Amino acid sequence: QQQVKQSPQSLIVQKGGISIINCAYENTAFDYFPWYQQFPGKGPALLIAIRPDVSEKKEGRFTISFNKSAKQFSLHIMDSQPGDSATYFCAASSDTGFQKLVFGTGTRLLVSP
Amino acid sequence: EAGVAQSPRYKIIEKRQSVAFWCNPISGHATLYWYQQILGQGPKLLIQFQNNGVVDDSQLPKDRFSAERLKGVDSTLKIQPAKLEDSAVYLCASSLDRGGNEQFFGPGTRLTVL
């Protein structure tokens, strides 16, 4: 019940295309859903996050879509650029308790020039 | 604002040896986390400190792993003795407090156990 399932495992997108990464969760107590971006040799960095009171959040080229009833959320990267090539992790936590982040397994994105 | 500092960046040891990792969180951050990231997987929380007290160590293999956060600032994570399956990147993160959602990660320490 603590798992966050992420797909696809890897993704190749042409420059200018849309990258879409999906995540699903079971624990209905989760109420914070961040996406982290990780470059090789670096720690993950927060990209964008959403709470269940909204269905979509947009920051620049990055958008999170959230479907509470389906317990799914996704990351859309519009106009994908080669510099977006990285590994993306979805995660979830609950405000109750100690906000332990549960991470998905990651998606390796390659944006071809 | 300086980020989360970790050292060493890389460590290679033989199985059954001991190893220690050090983390200096962002100044003023009360909550500190240690994660284990095995190649191809997402980070897994090992232990979480609130100031110098442990609030979650449910996934820490306590027979071989230990961690401390003296004075509520720096932290060390120790493995003794190491096993082959401990090969991973060990990430330290910090946040303002347990209610602060954004966790800031350090660059990690890549451990190879031979």
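Proteins come first, then strands; the chains are lettered A, B, ... in the order of their sequence lines, and each starts at number 1. Side chains are part of it too, since the values below use all heavy atoms of this structure and drop only hydrogens, waters and symmetry mates. This is a predicted model, so every value here is computed, not measured.
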Looking only at heavy atoms, which of residues 32-42 of chain A get nearer than 4.5 Å to chain B?
A:Y32, A:Y36, A:Q38, A:G41, A:K42

Are A:I48 and A:V13 joined in one hydrophobic group, where the rule is that I, L, V, M, F, W and Y side chains link up if heavy atoms are under 4.5 Å apart?
yes

Would one find more than 12 heavy atoms of other residues, nucleotides or ligands at under 6.0 Å from atom CD of A:Q14?
no

Cut-off 4.5 Å, heavy atoms of chain A, and the answer for B:T109 is neither

Residues, nucleotides or ligands: over 12 heavy atoms within 6.0 Å of A:Q9 CD
no

Checking B:Q6 against chain A: side chain, backbone, both or neither under 4.5 Å from a heavy atom?
neither

Do A:L46 and B:Q103 come close enough that some side-chain heavy atom pair is under 4.5 Å?
no

If you tally heavy-atom pairs under 4.5 Å against chain A, which of B:Q37, B:R9, B:K44 wins?
B:Q37

Enclosure of B:K62 NZ (heavy-atom neighbours >12, cutoff 6.0 Å):
yes

Any non-hydrogen side-chain atom of B:Q41 less than 4.5 Å from a side-chain atom of A:T105?
no

Non-hydrogen side-chain atoms of A:L101 and B:Y35 separated by less than 4.5 Å
yes

Counting only heavy atoms not in A:L110, do more than 12 fall under 6.0 Å of its CG?
yes

Answer yes if B:L60 and B:L111 sit in the same cluster of Ile, Leu, Val, Met, Phe, Trp and Tyr residues linked by side chain heavy atoms under 4.5 Å apart, and no otherwise.
yes

When rounded to the nearest 0.5 angstrom, what is the spacing between NZ in A:K100 and CD in B:Q59?
4.0 Å

Is B:F105 reachable from B:L45 through a run of hydrophobic residues whose side-chain heavy atoms are each under 4.5 Å from the next?
yes

Contact part of B:R110 toward chain A, heavy-atom cut-off under 4.5 Å: side chain, backbone, both or neither?
neither

Please determine whether residues B:F65 and B:Y33 belong to a single hydrophobic cluster, defined as Ile, Leu, Val, Met, Phe, Trp and Tyr linked transitively by side-chain heavy-atom distances below 4.5 Å.
no

Joint cluster assignment, A:I64 & A:V4, ILVMFWY side-chain distance < 4.5 Å:
yes

